[in-house]
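In what follows, every chain begins at residue 1, and chains take the letters A, B, ... in the order their sequences are listed.
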Protein chains: 2
Amino acid sequence: MGQKLESRERIVRSSARLFLSRSYNAVSVDELCTAAGVRKGSFYHFFPSKSELAKAVIDLHTTALLDRLEQASGQSPAERLHGLADAVGTIQTGFENRFGRIVGCPFGNLASELATADEELREHLATAFTRWEAEFAALCRQAASAGVLRDGVDPERLARALLAQAQGQILLAKVSVTSASEISRALHELVDAHLREGY
Amino acid sequence: MGQKLESRERIVRSSARLFLSRSYNAVSVDELCTAAGVRKGSFYHFFPSKSELAKAVIDLHTTALLDRLEQASGQSPAERLHGLADAVGTIQTGFENRFGRIVGCPFGNLASELATADEELREHLATAFTRWEAEFAALCRQAASAGVLRDGVDPERLARALLAQAQGQILLAKVSVTSASEISRALHELVDAHLREGY
DNA sequence: ATCCGTCTTGACCGACCAGTCAACTAGGCA
DNA sequence: TGCCTAGTTGACTGGTCGGTCAAGACGGAT
């Protein structure tokens, strides 16, 4: 038994925080242990390696993201699409408040750093992105069958474009230190650009 | 005097390669030196620190990118906008051929990993992105004054959206190991989505 | 011939890295 | 009571990290 929270969960949560505030390679296992209030032996009781912890951190973010996207609902398909933009913005605003600045996307950060260096982690991230994209695609398909998308817009490709736009805008906001509201604004514009006039 | 190439330039070039194939923190100064055929003392003769080398690597990529964007020309503003998509695709195809896979964007990779960890590097990357964005914005403004953009499309915001889309698509391609042609295809679609019908 | 600035060499540093281990503690259960 | 298992502890390892340094090599100018 841990103190308030189980040790394992404390490790994952505080690691998520540290990975976001700096990066995977920039944070040592020692520092992760200190932040979690745990000795190194305990850490390696729960996780066979640092990269295995990273997978757990990814899973934590995945469930959090999927929850957030579920909550974000609107009436019409067009509103639901705009709801996506708001959801991403809300998440990023949350990070902004917790860290005092834009720290990037948990998935995007790890993907940039590790996709070419750790094949297992790359695969893990790929499935996380796939689930994310699937959520987007479901809403895009709804919009398509409701006929609110412009002619010739493929819902699957729009979903990927939205995901890419989110990743790119988050990255640009991180490097140029702008606010999270810019991110959702850009996403709203991208949604509008693909909706039929009047929606 | 170095062998064929000056030592400094060999260090920068081979470091650019190694940073792309893995990541900044995943490559040690020792490895950078070995790859460049240089002893550590020489390395620190040219660069006061590893992060200072990173700045030189960024500068190398910046001049290469700006050259590539300059070459990419078309007749009409619409063609020039599509030329951007091709230029990004060409660069990524080049990396794909050299490395055997998508390795990401040199700027994006470093930005994700270091923007929150090294303030000087973050600033350096920010100005690199600004110059990149300025190139895009110039073409978008041309398109706007030629009247080929859809009503209500702000050229400056379109430039940023294109840049973000490029970054996001490159990241997604890297993590899901798709080909570079997907990246330019997505950019072409985004351009089309903002051009008036018939252009 | 000598001097000087640029570049190179190789040995060296302390700090830190991810990961290991045997011994210990504490609860659940028979 | 005694045992089993999950979790904890702290000391330890060997290798690597970014970075330093004194001594030298080399070519161009004087």
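- You'll find the side chain of A:Thr178 stays beyond 4.5 Å of the side chain of A:Ile183, heavy atoms only.
- The separation between B:Leu53 atom CG and D:dG18 atom P is 11 Å, rounded to whole Å.
- Close to C:dC17, at under 4.0 Å from its OP1 or OP2, lies a side-chain N or O of A:Ser28.
- Bending across the helix from C:dA1-D:dT30 to C:dA30-D:dT1, expressed as the angle between its end axes from five pairs apiece, amounts to 10° (10° rounding).
- Applying the ring pair (Phe, Tyr, Trp, His ring centres under 6.0 Å) test to every pair with at least one member in residues 16-38 of chain B, sequence neighbours left out, gives these pairs: B:Phe19-B:Tyr24.
- Residue A:Lys40 contributes atom NZ, which lies 14 Å from atom P of D:dT13 at whole-angstrom precision.
- Rounded to whole Å, atom P of D:dA6 lies 19 Å from atom CD of A:Glu9.
- The aromatic rings of A:Phe47 and A:Phe43 are tilted relative to each other, their planes meeting at an angle between 30° and 60°.
- For residues 163-174 of chain B, no residue pair satisfies the salt bridge (Lys or Arg N to Asp or Glu O under 4.0 Å) rule, not counting sequence neighbours.
- Sorted by first and then second residue, the pairs that involve residues 177-187 of chain B and meet salt bridge (Lys or Arg N to Asp or Glu O under 4.0 Å), not counting sequence neighbours, are A:Arg157-B:Glu182, B:Glu182-B:Arg185, B:Arg185-B:Glu189.
- Residue pairs meeting the salt bridge (Lys or Arg N to Asp or Glu O under 4.0 Å) criterion with at least one member in residues 106-120 of chain A, sequence neighbours excluded: A:Lys55-A:Glu120, A:Glu119-A:Arg122.
- Dense packing is recorded around CZ of B:Arg150, with more than 12 heavy atoms of other residues, nucleotides or ligands lying under 6.0 Å away.
- Counting to the nearest Å, the P atom of C:dC13 and the CG atom of B:Asp30 are 16 Å from each other.
- For DNA chain D, the neighbouring residues in residues 41-52 of chain A, judged by any heavy atom under 4.0 Å, are A:Gly41, A:Ser42, A:His45, A:Phe46.
- An OP1 or OP2 oxygen of C:dT8 is reached within less than 4.0 angstrom by no side-chain nitrogen or oxygen of B:Arg39.
- A heavy-atom distance below 4.5 Å is not found between the side chains of A:Cys105 and A:Phe95.
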